[in-house]
Each structure stands twice: as C-alpha cells, then as structure tokens.
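Counting starts at 1 for both ligands and their atoms, following the listed order.
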Amino acid sequence: MRKRILVTGGGGFIGSHLCERLLNEGNEVLCVDNFFTGTKENIVHLINNPYFEVLRHDITFPLYVEVDEIYNLACPASPIHYQFDPVQTVKTAVHGAINMLGLAKRLKVKILQASTSEVYGNPSVHPQSESYWGNVNPIGLRSCYDEGKRCAETLFFDYHRQHKLKIKVARIFNTYGPRMHLNDGRVVSNFIIQALRGEDITVYGDGSQTRSFCYIDDMIDGLIKLMNTPDDFTGPVNLGNPSEISILELAEKILKITRSKSRIVFKPLPQDDPVRRCPDITLAKEKLDWQPKVSLDEGLEKTVEYFKRVLSKAK
Ligand code: NAD
Ligand code: UDP
C-alpha cells in the first residue's frame, strides 16, 4: 500500500533527493520546509507529481498532519548558515525535534532523525564508532548545531523509552552531490565553484584536517534502509563513506578533475574545526547491509557536471 511520508527539510540538499526517491518507490510525500536554506528549484521537478505536496512551515511551531512515517531533516547543515542565526538553529534542532516527536507520538508512527557526525565534536577516538560519546565544546560557535543535535538525540531516546516511540537515529557524515546550494559554504561546493570560476581555492588552516565524503545517492540508500530496519533497531548508526582525505588533497583532486588553473590559498582555520573525521560503519554494514558504492572521484565528477550546468545558467 502507498505510504504517506513526511520529509521535514524536504526542500534542502539531502531532503530533496529523499523526496524524489520515496516518490519513485511509490509513496506519497509531504515535504515541509521553511526554505531557509532549501530552495524551490530543488523540488520543482516533483511539483507535477500528484503524490507530492509541499507545505511552507517552520518546524519550531507545532504541525498537525496525518502521515505514516516521518523523516526529520529540517535544520541548516552548513556552518555559515547554522551560525547566521544560532538561536534559531537550536530552536530548529530542539523545539523542532519535540514537535516532530509529538506528532509521531500522536500518530504512533516511526520517526527518523537526521543526526550528525558533529555529535562527536573534535573526536579523540579514530575512526568514530557509535559507542564514542564525543568531545564537544558546549559554548563555541559550532555549539548551536552540535549541542542542538545532541539534545535532539536525547529527546529521541527519551520518547522511545518513555512513550515506546519507534525511532531511528542516523549519524550522517559529510555528504555531497548535486543540489548543494551555490552559497552553501561547505567545502566540496566551495572548492568546485571556485575551481570552475577560476577563483582562488580557499583552504582553511594548513589543509591537513581530514573529512570523509559520502555521495548523496549512497546516503539516501542508507537512510531508507535504516527506516526499514526492524522496530527493535533504533541506532544511532553512522552513515558515511569511510574513505578519509585531507582538505588539501581534496582541493588538489578538484583542481585536477576541473582542469582549473585556480591557485590554492590558505585562510585562517575556523574555531573548533574538527581535526579528523572518519566513520566506523561496521554497525551499518551489519544491521543495514549498507556501505557506500560511489567512489570520491566518481561522485566529484557528477557534482562538477551539476555545478557546470548551474553556473552556465546563472550567467
Ligand atoms: P540543507 O540546509 O540543504 O537542508 C536543510 C533544510 O531544512 C532546508 O531546506 C531548510 O530550508 C530546512 N529548514 C531549516 N530550518 C527549518 C525549520 N525551522 N523548519 C522547516 N524547515 C527548515 O542541509 P542538508 O545538507 O540537506 O541537511 C539535511 C539534514 O541532514 C540536516 O538535519 C543536517 O543536520 C543533516 N546532516 C547533513 C550533513 C551533510 O553533510 N549534508 C551531515 C550531517 C547531518
Ligand atoms: N573548508 C575549507 N575551505 C572552505 C570550506 C571549508 O578549507 O572553503 C574546510 C573546513 O575548515 C573544514 C572542512 O573543510 O575543515 C569541511 O568543512 P565543511 O564546512 O564542509 O564541513 P564540516 O566542517 O562541518 O565538516
């Protein structure tokens, strides 16, 4: 039977891909977004689908709808965006979670939380597994996001214990691909756009910090597989690509793929920028039978093609 699925943040980068996939799999999708960082362009190709609905709504306010399943993705994810209005970021993460959990409780439906590798902060354990409790600054510039997402995880587990709610918590590591916002500010989109425009590539710090980048299609597979695990599996579960790369190496790779003549320049490292990040995905392999299939080179090629198209239209 066709399920009616709510995707909060469905107008954003990951959310729009998720809406598309869920529709393609024969579901009805209700996309709820306040379009703070998401755009209508991300979902315009879905608008004519009679099983797709969009509701402009801020999840810090209660929402009364009838659905069979909830993916809670609403929250700005890029540091420049979540630091623009940090109080609203905390409200979205915490009040938003309470509102969506309340909705799931009333409807007695499953709810998945898009949590983040940021719950590990600047990790002292490497690679990070779900049993690690993290190393997070509670009062820094990234705290509105990191602590907001940590508190959201707490709420998910308290609703699960207290109200027997069916929950799924995904700890998403750096994800990239088509539909990242042009001004997103995250490293993959920044470097590709700079390279394509022939502008300087801005490496923060000396570029020795590492990240592990997961292509969007793999992430969507992981999120849907997690939602469909048996009810007794709640997570948290890491979803990400365990192949780790330094930011300087990433810059060099993107220069090569784009055949760009841009120069690499070094800028100050932002406060509390994690030094290393790499997921241990043993649990996801075991419980979800999931692991990323798209290599970084392959994913970057596709993302470069996307930004070439977007930039040529913007001219
Ligand atoms: P995004 O900024 O592209 O999407 C977030 C969406 O949420 C946007 O459409 C935005 O308009 C919407 N939104 C923000 N505040 C809202 C509110 N109060 N009410 C309703 N809608 C609101 O970011 P993304 O990369 O697609 O991230 C989606 C989710 O995944 C986020 O929860 C993020 O924390 C999580 N995540 C993403 C990554 C990543 O690398 N992309 C990594 C870890 C976690
Ligand atoms: N970064 C960079 N140049 C940029 C944007 C980001 O060197 O133009 C670095 C940033 O300091 C961090 C890494 O790239 O070390 C990943 O940053 P992003 O904002 O994409 O994600 P996060 O820090 O949340 O993992």
Nearest protein heavy atom to [atom], by residue and atom, and its distance?
atom: atom 40 (O) of ligand 1; answer: T175 N, 2.8 Å
atom: atom 43 (C) of ligand 1; answer: I172 O, 3.0 Å
atom: atom 26 (O) of ligand 1; answer: I14 N, 2.8 Å
atom: atom 16 (C) of ligand 1; answer: N34 OD1, 3.3 Å
atom: atom 13 (C) of ligand 2; answer: I247 CD1, 3.6 Å
atom: atom 29 (C) of ligand 1; answer: L73 O, 3.2 Å
atom: atom 3 (O) of ligand 1; answer: F13 N, 2.9 Å

Next item on the list: Check for a donor-acceptor pair, side chain of N137 on one end and backbone N or O of I139 on the other, with a separation under 3.5 Å.
Entry: yes
Check: Is there a donor-acceptor contact under 3.5 Å from the side chain of T210 to the main chain of R277?
Finding: yes
Hey, is [X] one of the residues with a heavy atom under 4.0 angstrom from ligand 1?
X: H81; result: no
X: M180; result: no
X: S115; result: yes
X: H181; result: no
X: R171; result: no

Next item on the list: Could you tell me whether I59 and ligand 1 have an N or O pair separated by under 3.5 Å?
Entry: yes
Next item on the list: Check whether any N or O atom of S117, backbone or side chain, sits under 3.5 Å from an N or O atom of ligand 1, and answer yes or no.
Entry: no
Check: Is P274 in contact with ligand 2, taking contact as a heavy-atom separation below 4.0 Å?
Finding: no
Check: Would Q194 count as a contact of ligand 2 if the rule is a heavy atom under 4.0 Å away?
Finding: no
Region of [X] that comes within reach of ligand 2 [heavy atoms, distance under 4.0 Å]:
X: V187; result: both
X: N174; result: side chain
X: Q209; result: side chain
X: K267; result: neither
X: R142; result: side chain

Checklist line | Q88, portion touching ligand 1 at heavy-atom distance under 4.0 Å | finding: side chain
Check: Side chain, backbone, both or neither: which part of F35 has a heavy atom under 4.0 Å from ligand 1?
Finding: backbone
Notebook entry, point to check: Based purely on interatomic distance, does R211 place a nitrogen or oxygen under 3.5 Å from a nitrogen or oxygen of ligand 2?
Noted result: yes
Margin query: Whether K91 and D85 form a salt bridge (side-chain N of Lys/Arg under 4.0 Å from carboxylate O of Asp/Glu) is what I want to check.
Written below: no
Next item on the list: Using the six-membered ring of Y51, assess whether NZ or CZ of R2 lies under 6.0 Å from its centre and within 45 degrees of the ring axis.
Entry: yes
Check: Cut-off 3.5 Å, side chains only: do N241 and Y176 have a donor facing an acceptor?
Finding: no
